Amino acid sequence: MPELPEVEVVRRGLVDHLVGRGVTSVEVLHPRAARRHVAGEADLIGQITGADVESAERRGKFLWLPLARGGASADAAIVVHLGMSGQMLVGPGDDRHLRIRAGLSDGAVLRFVDQRTFGGWAVDPLVQADGALVPASVAHIARDPLDPLFDRDAVIARMKRKDTEIKRVLLDQTVISGVGNIYADEALWLSGVHGRRRASALTKPALGRLINDATAVMRRALDQGGTSFDSLYVNVNGQSGYFERSLNAYGRDGEPCRRCGTIMRRESFMNRGSHFCPTCQTVPRR
Ligand SMILES: [Zn+2]
């Protein structure tokens, strides 16, 4: 599952290869790739064909391409759902899992390839949310910590009001977006906080440190080209992303903590795994 750094790597690739180009043709090769577009496949194709890609935008793990027509500013966007294995590739390649193909005005071809077909495209109207124009389906998503307009103090205050487990709050995309399971576990380990501690019981400085730690881990992953835990995942040109080997918590259960040597543990949380050091991250009493 691509996380924020991978999605940002894809977005940057799309800025270079797609922005400013017109879409001259669209072919949907698998109906599942268009299923999120409620008006249907023909409408999806009609809304994209003949439009210009104005920019490539991201909030959290959501990625979209605002579409402009006839010199007017964009009022709709392609929301790209990468799902588990979706890739946006520009140029030739293996067409086995090709789901959508779009011809571009510069002669290049954009291919949406998705082996597991959980992903797809939808065209959404742009609406005002949190001081920006975003697709309607993204309007409830909070800004992520890499966003220049991320309001750290306001997010800390919102987290402090949550009388629920801190890991659940870190994963709540309406409070802070883009922090997935991997980065939540890493931030909690760095901060020495167990994910089942109540957010409301943590101090504001402790909540601020968690945000800083999550941000730092995501920035590092981004500098390395995205951490990909899924071998299927490749960036916009089809090159494999850097495989992160420097994780401190995620996937390290049974191995010694890099800070204190205690054997790391894993427990189930929200249908996923939480990885933690029982010494550095004191398990709360139930
Ligand atoms: Zn430890």
Side-chain angles (χ1 to χ4, degrees), residues 1-8 60-61 142 144-146 150 152-153 155-173 175-231 233 241-286:
M1 193 87 173
E3 299 251 14
L4 184 154
E6 286 88 57
V7 179
E8 176 61 12
K61 300 177 211 175
D144 62 68
L146 300 189
F150 179 75
R152 187 170 173 276
D153 290 342
V155 173
I156 291 170
R158 288 179 74 188
M159 291 171 82
K160 179 77 183 156
R161 287 196 294 270
K162 297 277 181 185
D163 188 26
T164 184
E165 299 99 328
I166 181 60
K167 184 169 176 183
R168 189 181 295 276
V169 175
L170 285 173
L171 296 175
D172 183 342
Q173 304 294 301
V175 175
I176 177 171
S177 72
V179 182
N181 198 45
I182 294 162
Y183 298 105
D185 280 5
E186 292 299 306
L188 289 162
W189 181 86
L190 284 167
S191 285
V193 172
H194 193 281
R196 280 194 281 108
R197 295 271 305 275
R198 299 256 140 196
S200 53
L202 296 172
T203 63
K204 285 188 173 180
L207 293 167
R209 275 195 300 277
L210 266 173
I211 293 174
N212 292 354
D213 287 336
T215 309
V217 178
M218 290 194 289
R219 276 198 199 285
R220 207 177 66 212
L222 183 55
D223 290 343
Q224 294 168 345
T227 46
S228 198
F229 296 90
D230 187 335
S231 59
Y233 189 77
Y242 177 89
F243 192 94
E244 175 67 74
R245 290 162 213 278
S246 58
L247 294 173
N248 290 304
Y250 185 84
R252 295 202 70 245
D253 46 302
E255 294 179 55
C257 170
R258 291 206 171 110
R259 193 159 41 207
C260 76
T262 303
I263 297 301
M264 302 280 293
R265 282 173 48 194
R266 178 188 188 279
E267 63 182 17
S268 288
F269 184 76
M270 293 173 74
N271 297 317
R272 281 176 281 190
S274 283
H275 308 79
F276 65 99
C277 168
T279 300
C280 295
Q281 298 162 269
T282 315
V283 182
R285 291 197 200 94
R286 291 187 189 260

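Counting convention: from 1, in listed order, for ligands and their atoms alike. No experiment lies behind these values; they were computed from the predicted model shown. The residues of the chain are indexed from 1 along the displayed sequence.
Taking the ring axis of W189 as reference, the NZ or CZ atom of R259 stays within 45° of it and closer than 6.0 Å to the ring centre.
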Report the C-alpha distance between K204 and D153 in whole Å, list the side-chain angles of each, state the deciding distance to 0.1 Å, and finish with yes or no for salt bridge (charged side-chain N to carboxylate O under 4.0 Å, His left out).
-> CA-CA 9 Å; K204 285 188 173 180; D153 290 342; over 6 Å; no
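Taking every heavy atom of both residues into account, K160 and L202 meet most closely at NZ-O, 2.8 Å.
Protein atoms of type N/O/S that fall under 2.8 Å from the Zn ion (ligand 1) number 4 in this view.
Screening Q281, R252, R266, H275 against D185 for a side-chain hydrogen bond (donor to acceptor under 3.5 Å, both in side chains) leaves a single residue, H275.
In this structure, NZ in K167 is found 15.5 Å from CZ in R197, a value given to the nearest 0.5 Å.
Taking N212 as the reference, R152 meet the side chain to side chain donor-acceptor pair (under 3.5 Å) condition, with sequence neighbours excluded.
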